[in-house]
Q: 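Can you keep this structure in mind? I'll have questions shortly.
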Amino acid sequence: MTPPDANVFSETPLVRRKRREEALAKWIFCAMSALMILPLVLIIGYLFERAWPSLSLGFLLEVPTRGMRAGGVWPAFVGTIYLVFLSLAVSAPIGILAAVYLNEYARDNWLNRLINLAVINLAGVPSIVHALFGLGAFVYAARFGYSIISASLTLAIMTLPVIIASTREALASVPRSFREACWNVGATRWQTIRSVVLPNAISGILTGVILQVSRAAGETAPIMFTGAVFFKAVQKGDLFPYSLHDQCMALSMHLYTLSTQVPDVQESIPFATAVVLLGSVLLVNAAAIALRVYLRSRKKW
Amino acid sequence: MSAPVQSSIATRNLNLWYGSFQALINVTVDIKDGLITALIGPSGCGKTTLLRCFNRVNERYGYVTTTGEIKILGKNIYDPDVSLIELRKSVGMVFQRPNPLPISVYENVVFGLRIHSERSQLKRSLLDEAVETSLREVGLWEDLKDRLDTKATGLQLEQQQKLCIARLLPLKPRVILMDEPCSALDVEGTRAIEELMFGLKGRYTILIVTHNMAQARRASDECIFMLLGEMVEHARTEKLFLNPADPRTAEYIEGRYG
């Protein structure tokens with residue numbers, strides 16, 4: 001045996017300095033991540049504090065009265081639900097199927113690359129431009145008028161590229177070996193997609209779709225141009241107050257008009273509207289996370 | 001004759017668990033200084049696990065428990081005063097797939113020097129010299145001396161693997177661990193790496209894990225045969241292949257299993 005050398009592998013001053021730098025770096029990174037929590041807590045705390053006088057179940061279910069200066073947000077709440085679900089009902093199937101084609105069937109040729117480029121660029125178009133497009137295409141050209149259907153279609157166009165992108169990511173995360181196993185017993189591509197790819201990608205796909213709920217619910221510009229209005233007379237608690245060709249109220253639009261167009265509004269009402277908007281979006285996101293956790297727990301790899 | 005050959009790595013009753021699965025069972029082995037020692041055995045016998053113990057890579061995974069003693073150069077590497085940074089500086093590792101960093105050939109070779117030295121000590125001439133010495137030692141200098149600034153990831157696999165070995169040398173390691181360094185290479189590449197190992201022998205203790213029994217036979221001085229986490233036999237390579245002491249070794253070498 002070599003005689004034990006006391007100094008072998010022991011710390012040199014340089015190593016000590018590197019360890020100090022390491023600790024510092026780790027601390028800074030950790031602090032930055034912790035800082036993420038701060039704005040969220042502040043926003044929510046501030047909103048609730050200012051909204052407190054108006055918050056009640058009644059605020060959600062009542063219709064606005066006295067020129068928006070009293071009452072609740074029911075018509076706007078229902079309108080937002082209409083818009084979100086209709087737009088996703090259009091964009092989710094198209095987006096998912098397109099993503100399946102792009103990821104599973106399409107070869108890497110110029111057309112595919114062009115589509116990719118289009119998807120990326122469409123995702124980057126500002127919402128006000130989508131609004132103008134919706135106005136021209138759906139309100140005038142397609143003669144839907146200012147209506148829920150025009151607004152929903154505009155929102156659908158806006159959410160489509162992100163759904164395609166997130167679905168493709170979910171599909172790409174399914175291991176290639178699963179597909180090879182299928183192909184090697186003679187399954188067609190469609191059989192492979194149906195029996196192996198989609199079941200394993202579904203959690204990612206759904207998450208991507210549901211996260212678009214918050215975007216569709218929050219955007220004001222596209223619906224302001226195409227179908228959302230300042231006020232619409234609705235019965236309290238009416239679940240189906242709008243038909244597809246009606247105009248509707250929406251929470252984001254309601255918040256905007258309350259805070260900019262109506263004089264002498266009690267301060268807590270716009271904040272309470274914001275709480276309802278934020279609350280419904282967070283609720284949907286929480287549902288998405290729960291669904292993802294459930295579907296992930298069934299994944300066995 | 002010179003003094004008796006010293007051991008540079010010695011383990012005593014080394015046990016290792018992945019969670020509740022015991023991957024190494026009472027491994028006690030002395031690996032001699034300056035020789036090429038091959039670790040052979042069927043898949044899952046713990047060869048790679050043993051190799052990875054020697055520069056404490058295993059413990060990065062939280063569920064690994066280790067007991068026993070590993071002495072490298074006479075120092076137990078699990079002692080609290082051992083600096084991982086210094087340990088890994090002296091115990092280098094070459095992986096199955098060549099993993100050059102996506103930077104130039106030159107920067108790959110001096111990477112270790114840069115992270116282990118004060119900036120003020122790094123004279124350009126010193127770095128240049130280290131690059132030339134290391135690349136000459138692995139036989140890449142003639143091929144690459146005119147394109148040291150090309151990206152290392154663009155080289156041929158064989159050159160990449162040689163470069164990965166060259167990357168260890170400026171730090172003057174004492175031990176080089178190789179985890180199936182030739183399995184991604186063709187015949188020519190394998191031969192080149194084996195010749196390189198012979199060239200390095202004597203100055204470095206080389207430990208190589210291999211699935212290829214023929215390679216172990218032609219490219220090592222000593223051989224360790226492992227089975228199901230235990231060390232079965234450790235002998236001179238000729239002896240282990242021609243006259244194995246343990247019947248399990250004999251059957252493995254005949255190709256009865258594994």
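Sequence lines set the chain letters: A, B, ... in the order given, protein chains first and strands last, and positions in each chain run from 1.
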Q: Are there more than 12 heavy atoms of other residues, nucleotides or ligands under 6.0 Å from atom CH2 of A:Trp183?
A: yes
Q: For the backbone of B:Ile115 and the side chain of A:Lys18, can you confirm whether one donor and one acceptor N or O come within less than 3.5 Å of each other?
A: yes
Q: So do the side chains of B:Leu73 and A:Phe9 get within less than 4.5 Å of each other, counting heavy atoms only?
A: yes
Q: Might you confirm whether atom OH of B:Tyr78 has over 12 heavy atoms from other residues, nucleotides or ligands at distances under 6.0 Å?
A: yes
Q: When only pairs under 4.5 Å are counted, which of B:Leu87, B:Ile77, B:Leu84, B:Asn76 shares the most heavy-atom pairs with chain A?
A: B:Leu87
Q: Just wondering, more than 12 heavy atoms not from B:Glu238 lying within 6.0 Å of its CD?
A: yes
Q: Calculate, to the nearest 0.5 Å, the distance between atoms CD and CG belonging to A:Glu11 and B:Asp81 respectively.
A: 9.0 Å
Q: Distance check, rounded to the nearest 0.5 Å: B:Ser83 atom OG versus A:Arg19 atom CZ?
A: 7.0 Å
Q: With a 6.0 Å cut-off (strictly less than), is the heavy-atom count around CZ of B:Arg174, excluding the residue itself, greater than 12?
A: no
Q: Does atom CD of A:Glu169 have more than 12 heavy-atom neighbours, drawn from other residues, nucleotides or ligands, at distances under 6.0 Å?
A: no
Q: If you count the non-hydrogen atoms of other residues, nucleotides and ligands that lie under 6.0 Å from NZ in B:Lys172, is the total more than 12?
A: no
Q: Nearest 0.5 Å, what's the NE2-CG distance between B:His116 and A:Leu14?
A: 9.0 Å
Q: Find the distance between OG1 (A:Thr12) and CD (B:Glu118) and round it off to the nearest 0.5 Å.
A: 8.5 Å
